[in-house]
Amino acid sequence: MKLIRRCQRILILSLLSVSVFAPIVFFSQKLKNLSHIGREEFVQDLSNIKYKTDAASRLNAVEQESGEDLTEPKQVVYEDRNLGSGVSYSSIEKHDSQEPENAGDPIKFSERNETNLERKGQKSQLSELSSTNGEEEHSNQTAIEHEQNAHSQYRQMINEKNKEMRDGDCNQTSVSYDKHLCSRSKKVADEMVTEMKDQVIRAKAYLHFTPPGTNSHLVKELKQGIREVERAVGQAIKDSNLSRSSLQKMRYMEATLTKASRVFPDCSAMVYKLRAMTLNADRQVQSQKNQATYLIHLAARTTPKGLHCLSMRLTAEYFALQPEERQLPSQQKLQDRELYHYAVFSDNVLACAVVVNSTVSTTMESDKIVFHVVTDSLNLPAISMWFLLNPPGKATIQIQSIDNFEWLSTKYNTTLKKQSSSDPRYTSELNHLRFYLPDIFPALDKIVFFDHDVVVQRDITELWGIDMKGKVNGAVEICHENEALLRRMDMLINFSDPLVAKSFDVKACPWAFGMNLFDLREWRRQDLTAIYHKYLQLGYKRPLWKVGSLPLGWITFYNQTMALDRQWHVLGLGYDSAVRRGDIEQAAVIHYDGVMKPWLDIAIGRYKGYWSQYVQYDHPYLQQCNIHG
C-alpha cells in the first residue's frame with residue numbers, strides 16, 4: 001500500500017515538473033526565433049523608410065482640390081516609383097516649399113515627422129513598397145544615416161528660428177528663409193483648428209464607407225472621435241481659443257483615422273466620396289445664402305414696428321390739431337431763388353428727420369436753408385406733425401403730398417404702374433418723382449436732391465458755387481476700378497438692343513443718385529423729362545433696362561452729367577462693410593444705399609452711429625414706441 005502511494009506521489013511530482021519546465025523551454029525557443037526575425041524586420045523597415053513626408057506624398061495620391069469648381073479625380077491613383085533613393089537636406093527644403101500646410105509651423109512639422117515614423121500603419125505600407133534585395137538594403141542604410149544627420153541639422157535650425165520668433169525677432173531677421181518662417185508662423189495661427197475640422201470631414205467620409213447597421217469597434221471610435229473633436233473645436237477660429245486637451249483629442253482622432261485608412265485603402269473611392277460631400281455642402285451653403293438674401297430683402301421692404309407705431313401716434317396728434325395749427329412757419333421763403341433749396345422724397349419719418357437735422361446742424365447759415373419734403377397722403381400727417389413738434393431751427397421746411405400734384409396724375413400713373421416688380425422701392429411713385437423736379441418747383445433754378453438714406457456731415461452750400469458748364473446733373477461717378485461700388489452701364493442697361501447700342505456708349509462712366517445738384521433751367525430747356533418718358537415707354541415693349549430709377553437716370557442724363565469730387569458723396573454704407581473710415585470721415589455726404597438701411601435691425605453696426613447721432617432717441621414718442629439707438 002505504501003509503495004503504491006509513493007509511486008503516485010512520484011508520478012504527480014513528475015507531471016508537475018513537466019508542466020512547469022516544458023512551457024519555459026518552449027517559449028524561450030520561440031522568443032529566440034522572434035527576436036531574430038524582429039531584428040531582420042527592423043533593419044528592413046529602416047531601409048524602407050526613406051522619409052515620412054517623401055513617401056507619404058507618393059502614397060497620398062489624392063491632391064487637394066483648389067477653387068470653387070470641382071475637377072475630375074486622376075485616373076491613376078498610385079504610380080509605382082523608386083522610393084529607395086537617399087534624402088538630402090536640399091530635398092527636405094524642396095518638400096517643405098511644396099507642402100505649405102506642413103511647413104507653416106516648423107516645430108509642429110518636425111514633431112509630426114517623429115510621430116509618423118513610429119506609426120505601425122505607415123511602416124507596414126512603406127515596407128510593402130520597398131525593394132528586398134541585399135544591395136538596396138545596403139544603399140538604403142547609408143541613405144538613412146545621411147537622412148538622420150540632415151534631419152537633426154534641420155531640427156536644430158528650426159528650433160533656433162522658432163526661438164528667434166518667440167523672442168520677437170520676426171521683423172528683424174535678415175535671411176530670406178527667416179522671413180519665410182516668420183510669415184508662415186503668422187499665417188498658421190488657425191492651423192490646429194483647420195486640421196481638426198479636416199479630421200471630422202475625413203472621419204465622416206470613412207463612416208459613409210461602412211455598411212448600414214454596422215456597429216464595429218472602428219465605427220464607434222470614429223463616431224466618438226467626431227463628437228470629441230467637434231466639442232473641442234466649438235466656435236474656435238484660432239489655435240489660441242482651443243483648450244489644453246484639444247491636442248490630445250486631435251492625436252487620438254489621427255490614430256483612429258490611420259486605422260480606418262488601413263481598413264479602407266481605396267483612395268479613388270475616397271476621392272469620389274469627398275467630392276460628393278463637397279458638392280452636397282456647396283448646395284446647402286448656396287441654399288442658405290439664397291434664403292438669407294430673401295430674408296434680408298424681405299426685412300428691407302418691411303416697415304419696422306417702432307416706425308409704424310411712431311407714424312400712428314404722430315398722425316393721431318396731427319388730426320387733433322385745429323387747421324390753423326397745422327401750418328408750418330416761414331412759408332414765404334419757399335420760392336426765393338437766393339436761398340439754398342434741398343429736396344427729399346420719402347415716406348419715412350425718421351429718415352426725413354435725419355436728413356434735415358444733419359443738413360441744418362452742419363451749415364453756417366441755417367436761415368438760408370429751405371427743405372422741400374414730398375411724401376404720400378398716408379404719411380403726410382405724421383411727417384408734418386414731427387416737424388411741427390421739432391422745428392429745424394431757423395431753416396424753412398415745406399411738406400407736400402404727391403397726391404396734390406394734379407398735373408402728375410395723367411402723366412405718371414399711366415406709365416409707372418405698368419412696371420412688373422414686387423419691390424415697392426422700384427415701383428414707388430416717390431422713387432420716380434425725381435424726374436419731374438422742374439415741374440414740381442417751377443420757380444426755382446437750382447436744387448440739391450437727397451435720397452432719404454443719406455447723412456450730411458459738413459456744410460455743402462459750396463455746391464451752389466460750382467460751375468455746371470452747361471450740364472444738368474452734378475453727381476459723383478461710380479466707375480472707379482478696385483472698389484465695391486464699381487458700376488458699368490451694361491450692368492443695368494441692355495446693350496444687346498440695337499437702339500441702346502446705337503444711342504449710348506457702353507464704356508461711359510455711370511454716376512450715383514443720392515446727392516445730386518440739378519440745374520432746373522437747363523433741364524427745362526433740353527426737356528429731359530420727355531427723354532425719360534420715351535425710354536420708360538420703350539421699356540414696356542422690350543427689355544431695355546432693369547427695374548428701378550437708376551438706369552433710367554443714366555439714360556435721361558446721358559452726356560448731361562458733370563462729375564463732382566468723390567469727397568462730396570461716399571456710397572456703400574448699406575451693403576459694403578469694407579468702406580474705409582477715412583473716406584467716411586472726409587465725406588460731405590454719406591449714403592446708406594443698399595438694403596441694410598440704418599433704421600433697420602439688419603443695418604451694418606459699424607456705420608449706424610453716423611446716422612443715429614441725429615435721431616432724438618430721448619423724444620417721448622420714440623421711447624413709447626421702443627425706438628432705441
Side-chain angles (χ1 to χ4, degrees), residues 326-346 352 355-356 359-360 363-377 380 383-384 387-388 391-413 429-452 454 456 459-475 513-533 549 553 556-557 560-562:
R326 301 174 185 175
Q327 300 299 320
L328 293 166
S330 304
Q331 297 297 293
Q332 70 277 3
K333 296 182 180 180
L334 298 179
Q335 298 181 0
D336 190 345
R337 298 180 180 178
E338 300 298 325
L339 302 180
Y340 306 122
H341 293 266
Y342 301 91
V344 56
F345 302 159
S346 174
C352 289
V355 174
V356 174
T359 305
V360 173
T363 187
M364 301 297 294
E365 300 174 307
S366 60
D367 56 328
K368 293 185 178 181
I369 289 181
V370 179
F371 254 99
H372 304 271
V373 178
V374 180
T375 184
D376 53 25
S377 58
L380 177 67
I383 296 178
S384 299
F387 287 105
L388 285 172
K394 297 180 180 180
T396 302
I397 189 166
Q398 178 191 27
I399 314 295
Q400 300 182 80
S401 172
I402 191 175
D403 297 324
N404 294 335
F405 301 150
E406 297 179 356
W407 52 267
L408 187 62
S409 58
T410 56
K411 294 181 181 179
Y412 187 76
N413 292 342
E429 296 178 350
L430 292 174
N431 192 30
H432 284 255
L433 190 62
R434 65 191 68 194
F435 295 103
Y436 299 91
L437 284 173
D439 299 314
I440 299 173
F441 308 108
L444 301 180
D445 294 336
K446 276 188 178 183
I447 195 168
V448 171
F449 177 79
F450 286 136
D451 279 349
H452 69 167
V454 303
V456 180
D459 193 350
I460 60 173
T461 55
E462 297 178 6
L463 280 174
W464 270 262
I466 295 178
D467 183 9
M468 298 286 288
K469 299 179 181 180
K471 304 294 184 179
V472 176
N473 175 30
F513 272 131
M515 189 213 71
N516 303 84
L517 174 63
F518 290 111
D519 187 337
L520 300 182
R521 286 187 301 178
E522 193 66 23
W523 188 332
R524 297 186 190 99
R525 189 183 70 81
Q526 299 189 30
D527 195 13
L528 297 184
T529 303
I531 297 178
Y532 160 76
H533 272 285
S549 60
T556 303
F557 300 106
Q560 296 297 328
T561 300
M562 189 192 71

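This one's a predicted model, so the numbers in the text were calculated from it and none came from an experiment. Nothing fancy with the numbering, it's 1 onward along the sequence.
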Closest approach of [X] and [Y], non-hydrogen atoms and distance?
X    : Y    : result
T359 : F450 : OG1-CE1, 3.9 Å
G474 : M468 : N-CE, 3.6 Å
L328 : I397 : CD1-O, 3.6 Å
V360 : S366 : CG1-CB, 3.9 Å
F513 : S549 : CE1-O, 3.7 Å

message: If the condition is side-chain hydrogen bond (donor to acceptor under 3.5 Å, both in side chains), which residues does H452 pass it with, not counting sequence neighbours?
response: S346

message: Suppose we screen for side-chain hydrogen bond (donor to acceptor under 3.5 Å, both in side chains). Which residues come up paired with N473, at least two apart in sequence or across chains?
response: N516, T561

- request: Before giving the answer on side chain to side chain contact (heavy atoms under 4.5 Å, CB included), spell out for F441 and H341 the whole-Å C-alpha distance, their side-chain angles and the decisive distance to 0.1 Å.
  value: CA-CA 10 Å; F441 308 108; H341 293 266; over 6 Å; no

Take atom [atom1] in [X]; do more than 12 heavy atoms of anything else shown fall under 6.0 Å from it?
X    : atom1 : answer
K471 : NZ    : yes
Q332 : CD    : yes
Q331 : CD    : yes
R521 : CZ    : no

Taking the side chain as everything from C-beta on, heavy atoms only, tell me whether [X] gets closer than 4.5 Å to [Y].
X    : Y    : answer
V472 : Q526 : yes
E429 : D376 : no
I440 : W407 : yes
F371 : C352 : no

query: Of all residues at least two apart in sequence or in a different chain, which pass the side-chain contact (heavy atoms from CB on, under 4.5 Å) check with T461?
result: Y340, Y342, T363, D459

Interatomic spacing from [atom1] in [X] to [atom2] in [Y] - rounded to 0.5 Å:
X    : Y    : atom1 : atom2 : value
E338 : D445 : CD    : CG    : 9.5 Å
L334 : T396 : CG    : OG1   : 7.0 Å
W523 : T556 : CH2   : OG1   : 8.0 Å
I383 : I399 : CD1   : CD1   : 6.5 Å
L339 : D367 : CG    : CG    : 8.5 Å
L437 : L528 : CG    : CG    : 11.5 Å

task: Scan for salt bridge (charged side-chain N to carboxylate O under 4.0 Å, His left out) pairs involving residues 522-533, sequence neighbours excluded, and state none if there are none.
output: E522-R525

task: Could you please spell out the steps behind the side chain to side chain contact (heavy atoms under 4.5 Å, CB included) verdict for D439 and F405?
output: CA-CA 10 Å; D439 299 314; F405 301 150; over 6 Å; no

task: Apply salt bridge (charged side-chain N to carboxylate O under 4.0 Å, His left out) to D519 and list each qualifying residue two or more places apart in sequence or on a separate chain.
output: none

field: With K333 via salt bridge (charged side-chain N to carboxylate O under 4.0 Å, His left out) - residues at least two apart
entry: none

field: V448 and L463: CA distance, side-chain angles, deciding distance, side chain to side chain contact (heavy atoms under 4.5 Å, CB included) verdict
entry: CA-CA 8 Å; V448 171; L463 280 174; 4.1 Å; yes

message: Walk me through whether K446 and I466 qualify under side chain to side chain contact (heavy atoms under 4.5 Å, CB included).
response: CA-CA 11 Å; K446 276 188 178 183; I466 295 178; 6.0 Å; no

message: Determine whether the aromatic ring centres of residues H533 and Y436 are separated by less than 6.0 angstrom.
response: yes

